[in-house]
Amino acid sequence: MHEISVVYDVIKIASENGEKNNIKSIDKIFMKIGAFSCINEHSLNFAFNLLKKDTICENANIIVESIKAKSLCSYCNEEFFIDYANKICPKCKRHSSNIISGHEVLVWKIEGE
């Protein structure tokens with residue numbers, strides 16, 4: 001369950017940025033999580049609820065935006081959505097291993113007072 005180490009870093013990032021911006025309590029942490037990141041959102045929230053106690057994030061919730069995996073075909077430059085089982089370019093029908101999105105695990109915004 002690598003979600004615990006991810007949550008630890010999320011709390012650290014949010015806390016450091018909250019303190020820099022004179023935020024006393026963080027209400028929301030917005031994340032972008034890619035389909036290929038192997039992050040389970042339920043496990044992420046479970047770990048967050050355990051680790052946020054006695055931190056600036058104690059009253060916060062994580063809001064996740066899921067990012068679909070996308071590839072750029074090396075042969076015809078077509079961008080297209082992929083999944084674990086299908087990385088075939090719909091235009092030229094060749095396999096693409098040039099993944100351009102889907103691995104993200106980003107804290108992109110925090111809100112608080």
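This is a predicted model, so every value here is computed, not measured. Hydrogens, waters and symmetry mates play no part in the numbers below; they use all other heavy atoms, side chains included.
- Here Leu51 contributes atom CG and Phe46 contributes atom CZ; the two are 10.0 Å apart, rounded to the nearest 0.5 Å.
- Shortest non-hydrogen contact noted between Ile82 and Lys87 is CG2-CA, 3.9 Å.
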Listed pairs under 3.5 Å, donor-acceptor, residues 7-21 side chains, sequence neighbours left out:
from, atom 1, to, atom 2, distance (Å)
Ser15, OG, Ile11, O, 2.7
Asn17, ND2, Ile13, O, 2.8
Asn21, ND2, Asn17, O, 2.8

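- Distance CG/Leu44 to NE2/His2: 9.0 Å, rounded to 0.5 Å.
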Would you list the atom pairs, donor with acceptor, under 3.5 Å between side chains in residues 57-74 and any protein atom, with sequence neighbours excluded?
from, atom 1, to, atom 2, distance (Å)
Ser71, OG, Ser96, OG, 2.6
Ser71, OG, Asn98, O, 3.0

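- Looking at Glu78, its side chain never comes within 3.5 Å of a backbone N or O of Pro90 through a donor-acceptor pair.
- The list of salt bridge (charged side-chain N to carboxylate O under 4.0 Å, His left out) pairs with a residue in residues 88-100, not counting sequence neighbours, is empty.
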Taking only distance into account, with no hydrogens and no angle test, what donor-acceptor pairs under 3.5 Å do side-chain atoms of residues 22-39 form with protein atoms, sequence neighbours excluded?
from, atom 1, to, atom 2, distance (Å)
Ser37, OG, Gly34, O, 2.8
Ser37, OG, Ile39, N, 3.4

Check residues 104-113 and write down every donor-acceptor pair under 3.5 Å in which the side-chain atom is one partner and the other belongs to a residue at least two apart or another chain.
from, atom 1, to, atom 2, distance (Å)
Glu104, OE1, Gly102, N, 2.7
Glu104, OE2, Gly102, N, 3.4

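- A distance of 5.0 Å separates CZ in Phe80 from SG in Cys89, rounded to the nearest 0.5 Å.
- Each salt bridge (charged side-chain N to carboxylate O under 4.0 Å, His left out) pair with one or both residues in residues 42-57, not counting sequence neighbours, would appear here, but there are none.
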